[in-house]
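No experiment lies behind these values; they were computed from the predicted model shown. Here, residue 1 is the first one in the sequence, and each next residue gets the next number.
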Amino acid sequence: MTTETTPRSARKLPAVYRGRLMSLAHEVRYPAGTRLFSEGGRADHFWIIDSGTVALDMRVPGRQAAVIETLGAGELLGCSWLYRPYTWRFGARTTGPMCAHEFDAEAVRRMCEADPDMGRSIALWVGESMVCRLGAARTRLLDLYAPYGSGARG
């Protein structure tokens, strides 16, 4: 797989690990409105989005689920697969047709255990995505429910 055909998100990994990771991928397509996973469910796959968009949502007691962030082409979808207890922290639904590279989480975890340097690179890559998601969740929930919002809108 060349750099031109490697998803943008995976390019953050060193080339040797990127190629090994992408060797485990298979392409999938989902129509609009497909629930890919729900908060609290078993995190056994993850995706790198090729095209289309996915809304990440979070249950809010007594209210409709809040959309936290919308992910698009080149982005990593799913972080909870790497960390115990391997359950989704958010939910995800396609907002339009989506094409992605899908990965079996257990196979990637085994690969990471067999090569600790690769495991460290993958953990840093996924961790960076998690930090972004948590920041987006905080800002979005403050915008929706705090009396003065997040203050991020200037």
Side-chain angles (χ1 to χ4, degrees), residues 1-60 64-141 143 152:
M1 180 166 283
T2 66
T3 300
E4 294 78 36
T5 60
T6 301
R8 191 171 59 240
S9 176
R11 290 184 200 155
K12 293 180 179 182
L13 293 170
V16 64
Y17 305 136
R18 183 173 55 235
R20 290 176 59 199
L21 175 66
M22 295 309 295
S23 74
L24 297 178
H26 66 276
E27 290 187 28
V28 293
R29 295 180 185 279
Y30 295 101
T34 301
R35 172 62 68 180
L36 297 172
F37 53 87
S38 296
E39 188 176 342
R42 181 171 166 71
D44 54 4
H45 288 85
F46 66 97
W47 301 262
I48 298 175
I49 301 169
D50 290 329
S51 64
T53 55
V54 175
L56 292 179
D57 57 34
M58 182 176 179
R59 289 184 291 213
V60 179
Q64 184 176 355
V67 173
I68 298 303
E69 188 175 16
T70 301
L71 305 177
E75 295 190 87
L76 172 65
L77 171 61
C79 297
S80 302
W81 63 273
L82 187 55
Y83 304 100
R84 291 182 194 277
Y86 311 126
T87 56
W88 296 117
R89 303 297 191 254
F90 298 115
R93 180 183 307 274
T94 60
T95 58
M98 183 189 84
C99 181
H101 286 89
E102 184 177 74
F103 300 84
D104 177 271
E106 188 174 329
V108 175
R109 287 193 304 264
R110 278 194 310 267
M111 186 179 279
C112 290
E113 287 172 12
D115 183 342
D117 289 335
M118 180 177 181
R120 181 179 181 281
S121 290
I122 296 280
L124 289 172
W125 172 58
V126 173
E128 182 180 315
S129 289
M130 286 179 62
V131 167
C132 292
R133 303 282 150 70
L134 290 173
R138 179 186 183 281
T139 299
R140 181 69 175 137
L141 291 175
D143 282 343

Residues 71-100 vs ring-ring contact (aromatic ring centres under 6.0 Å, His included), sequence neighbours excluded, gives Phe37-Trp88, Phe46-Trp81

Hey, are the side chains of His45 and Asp104 touching, using non-hydrogen atoms and a 4.5 Å cut-off?
yes

Kindly compute the distance separating CG (Asp50) from CZ (Arg29), expressed to the nearest 0.5 Å.
8.5 Å

Here the pair of heavy atoms bringing Glu39 nearest to Arg59 is OE1-N, 2.8 Å

Closest non-hydrogen atom pair between Ala43 and Ala105, with its separation:
O-CB, 4.2 Å

Quick check: do Leu21 and Phe103 have side-chain heavy atoms less than 4.5 Å from each other?
yes

Salt bridge check, Arg109 against Glu113: does any charged N sit closer than 4.0 Å to a carboxylate O?
no

With side chain to side chain contact (heavy atoms under 4.5 Å, CB included) as the criterion, how do Leu82 and Met130 come out once you've worked through the C-alpha distance, each side chain's angles and the decisive distance to 0.1 Å?
CA-CA 11 Å; Leu82 187 55; Met130 286 179 62; over 6 Å; no

Mind listing the closest non-hydrogen atom pair of Ala65 and Asp57 along with its distance?
CB-CB, 4.3 Å

Could you report the tightest heavy-atom contact between Leu24 and Met111, atom names first, then the distance?
CD1-CE, 3.5 Å

List the steps, then state whether side chain to side chain contact (heavy atoms under 4.5 Å, CB included) holds for His101 with Glu27.
CA-CA 5 Å; His101 286 89; Glu27 290 187 28; 4.2 Å; yes

Of Leu71, Thr34, Thr53, Leu36, which meets side-chain contact (heavy atoms from CB on, under 4.5 Å) against Met98?
Leu36

Checking Glu75 side chain against Gly72 main chain: does a donor-acceptor pair fall under 3.5 Å?
yes

With side chain to side chain donor-acceptor pair (under 3.5 Å) as the test, pick out the partner of Tyr30 among Arg35, Glu102, Arg93.
Glu102

Separation between CG (Leu77) and CD1 (Ile49), nearest 0.5 Å, reads 5.0 Å

Stepwise side chain to side chain contact (heavy atoms under 4.5 Å, CB included) test for Ser121 and Asp117:
CA-CA 6 Å; Ser121 290; Asp117 289 335; 5.9 Å; no

Heavy atoms of Arg18 and Leu13 approach each other most closely as NH1-O, 2.8 Å

